[in-house]
Amino acid sequence: MEVIRHDIVIVGGGAAGIRAAIAAVEANPDASVAMVSKVYPMRSHTVSAEGGAAAVARDDDSLESHGFDTVKGSDFLGDQDVIQYFVEEAPKELTRLEHWGCPWSRNDDGTVATRAFGGMTTKRTWYATDKVGFHMLHSLFQHSMRFDNIVRYDEQFVTKLIVDGGAVRGVASLDIREGTMRAILGRAVILATGGGGKIFPFTTNGNIKTADGMALAYKEGVALKDMEFVQYHPTGLPGTGILITEATRGEGGHLKNSEGERFLVERDYGVGTKAELGPRDMISRAIVQEIEAGRGLEGPYGQYVHLDLTHLGEEAINKKLPMVRELSKIYVGVDPVFEPIPIRPVLHYMMGGVDTDIDGATTLPGLYAAGEVACVSLNGANRLGSNSLTECLVFGARAGQQAVAFAKGSDDGNEAAYVAQAEEEAARIEAARAATGGSEKIAQIRREMHDTMESGCGVYRQQDTMDATVGALAQLRQRMSDVKLEDDSKVFNTELTSALELDNMLMVAESLAVSAAHRKESRGAHTRRDAKTRDDQNFLYHTLCYHDAAAPRLDKKDVTLGTWIPEERKY
Ligand SMILES: Cc1cc2nc3c(=O)[nH]c(=O)nc-3n(C[C@H](O)[C@H](O)[C@H](O)COP(=O)(O)OP(=O)(O)OC[C@H]3O[C@@H](n4cnc5c(N)ncnc54)[C@H](O)[C@@H]3O)c2cc1C
């Protein structure tokens, strides 16, 4: 087996992974950093972000205001020390990114242009038309190429963390191109593997978002935190789930029902005068309620409502939302200059993830996590749109710096023991590839996982369906051990990687459903029909979920409060 050694191993080549890599080599120019990614880095999900990245930029704005908006958006479950650090670093990170080449859109006077986003008091979302993720990732990727000591391993699927003597020592990784396994050893490992939207059937997330990093950490005894909180974005295209960015509403778009009413203005959905600029959890619920009240429109993919941009005019749409026009024309045959776009809520983002502290450190020495895979507790029970890209930069950088400091105080350890673990993992993967005798089909298990997640853990939840989902997932996990692969080839065996991904998703889905079923209140994106209010007395804490052979085990962690005292969340 090929054995490779670096100081730091970063799993993931999206915004968080690349930012961590750059921070690591800047903190220690002698450090060697491996950046391992299951796809070519520019294909990471970050590339598809459209709307923008939040940071205070205008004279009429303040860090205090960005901080409070984020705390309130989180339904008071975000950690306030983390939020404070985030809002302070955010403008520095976005400015730094400009110096690395990110072409932020401009006002006529040359200052950075900002747009309105849901739940934000003022315009603080920086953008580069509506192709923000593309430009951010490109700038990061290009900048990372300046450093010879960032060594890339593209199309390598990490299947296991190597853990020895109570610390992480590297990863075992499948070369998707050749079907061979490698041991990539390091004194510290940073997970930057993104979220797991593909656990749900109808999502804006790319196919690669299968919660791998969460499963890797979970299997090694690290808790997954606040997994019950998943975000539905109000405006996805029916059928495909392709995202129509919140920037459409930031630029003045309206949501309308079948009667042509702006229902967020006409009825009380808790968003007050913010109307279409309310937070995502509330607007998604409003759309579901409109549809349930018979005011939805019927289409080939079920009920939907309208996103109307026609009053913005062709010039504004072409200038600020060109990709929205392109996507709408191609995928639903609608030109938003002339007609409203059909939309419905769609699974978009996971607030929960690998439990870390403010440094990105997990409870497993040497293991760090940043970006969507992590739960540093910035987003609490509901993320505000445009905070996530900035989170990848702020906490990716911090994790990179901290991992370098940790690696300095560590040694190379017992390499033979680590390689032995990687060899054992290689045998497991080899057995999975040769598993042509089973009777279960990947597609069938995935379909059943999707169905049960939507019925139990969707926009609205209740005890009986959540409990049923917990039971169904436990059974699906058992059936997964009898899965049959048709393809035993080595080169680009995507059936094998699909099986590995499904295994990861089932494990993380189970932690999500178990966490959801235990929280008997409504908070942020976790909304129950049978427990309609927030209950700070009994549930103002983070949920920790631990892997256990029998069934997931739950625990609690305190929320770090501060200046902002919990109050009713109303806009
Ligand atoms: C359509 C869409 C639009 C969005 N728009 C916005 C927006 O406008 N503003 C905003 O703030 N947020 C937005 N978000 C959210 C935001 O883009 C993501 O949360 C963020 O980009 C995640 O970045 P990341 O670096 O954590 O992970 P990703 O960009 O998802 O990258 C994950 C990386 O991990 C690698 N990886 C995963 N598993 C493995 C494995 N087993 N082995 C090896 N490598 C692995 C992948 O190859 C990839 O390189 C949007 C999300 C979507 C889906």
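All ligand and atom numbering here is 1-based and tracks the order in the structure. In this chain, residues are counted from 1 in sequence order.
- Under 4.0 angstrom from ligand 1, the non-hydrogen atoms of S48 come from both its backbone and its side chain.
- Ligand 1 places these atoms under 4.0 Å from at least one heavy atom of T204: 1 (C), 53 (C).
- Counting heavy atoms only, D212 comes closest to atom 41 (N) of ligand 1 of the residues D212, L384, T390, T245.
- With hydrogens and angles left out, the side-chain atoms of Y418 and R169 include a donor and acceptor closer than 3.5 Å.
- Put simply, part of A15 is less than 4.0 Å from ligand 1, judged by heavy atoms.
- Remark: ligand 1 atoms within the under-4.0 Å shell around heavy atoms of R383 are 10 (C), 11 (O), 12 (N).
- Every atom of ligand 1 with a heavy atom of G51 under 4.0 Å away is listed here by number and element: 8 (O).
- Heavy-atom proximity to S386, at under 4.0 Å, picks out these atoms of ligand 1: 9 (N), 10 (C), 11 (O).
- Between D61 and K123 there is no salt bridge, since no side-chain N of the basic residue sits under 4.0 Å from a carboxylate O of the acidic one.
- Using a 4.0 Å heavy-atom cutoff, A192 is listed among the residues neighbouring ligand 1.
- Q421 and E425 form no side-chain donor-acceptor contact under 3.5 Å, judged by distance and modelled atom types alone.
- In this structure, of H233, H45, K131, the residue bringing a heavy atom nearest to atom 52 (C) of ligand 1 is H45.
- The number of heavy atoms from other shown groups lying within 6.0 Å of NZ (K219) is above 12.
- At most 12 non-hydrogen atoms from other residues, nucleotides or ligands lie less than 6.0 angstrom from CZ of R43.
- Using a cut-off of 4.0 Å between Lys/Arg side-chain N and Asp/Glu carboxylate O, K198 and E501 are scored as not salt-bridged.
- Applying the 6.0 Å contact sphere to CZ of F68 captures more than 12 heavy atoms from other residues, nucleotides or ligands.
- A salt bridge links K209 with E372; the closest basic N to acidic carboxylate O contact falls under 4.0 Å.
- Within ligand 1, the atoms closer than 4.0 Å to a non-hydrogen atom of V39 are 47 (O), numbered from 1 in the order shown.
- Annotation for K160: atom NZ counts as buried by contact number, over 12 foreign heavy atoms lying within 6.0 Å.
- The atoms of ligand 1 that sit less than 4.0 Å from any heavy atom of Q156 are 42 (N), 43 (C).
- When each atom of ligand 1 is checked for a heavy atom of L243 under 4.0 Å away, the hits are 1 (C), 2 (C), 3 (C).
- Remark: distances from the non-hydrogen atoms of G133 to ligand 1 are all 4.0 Å or more.
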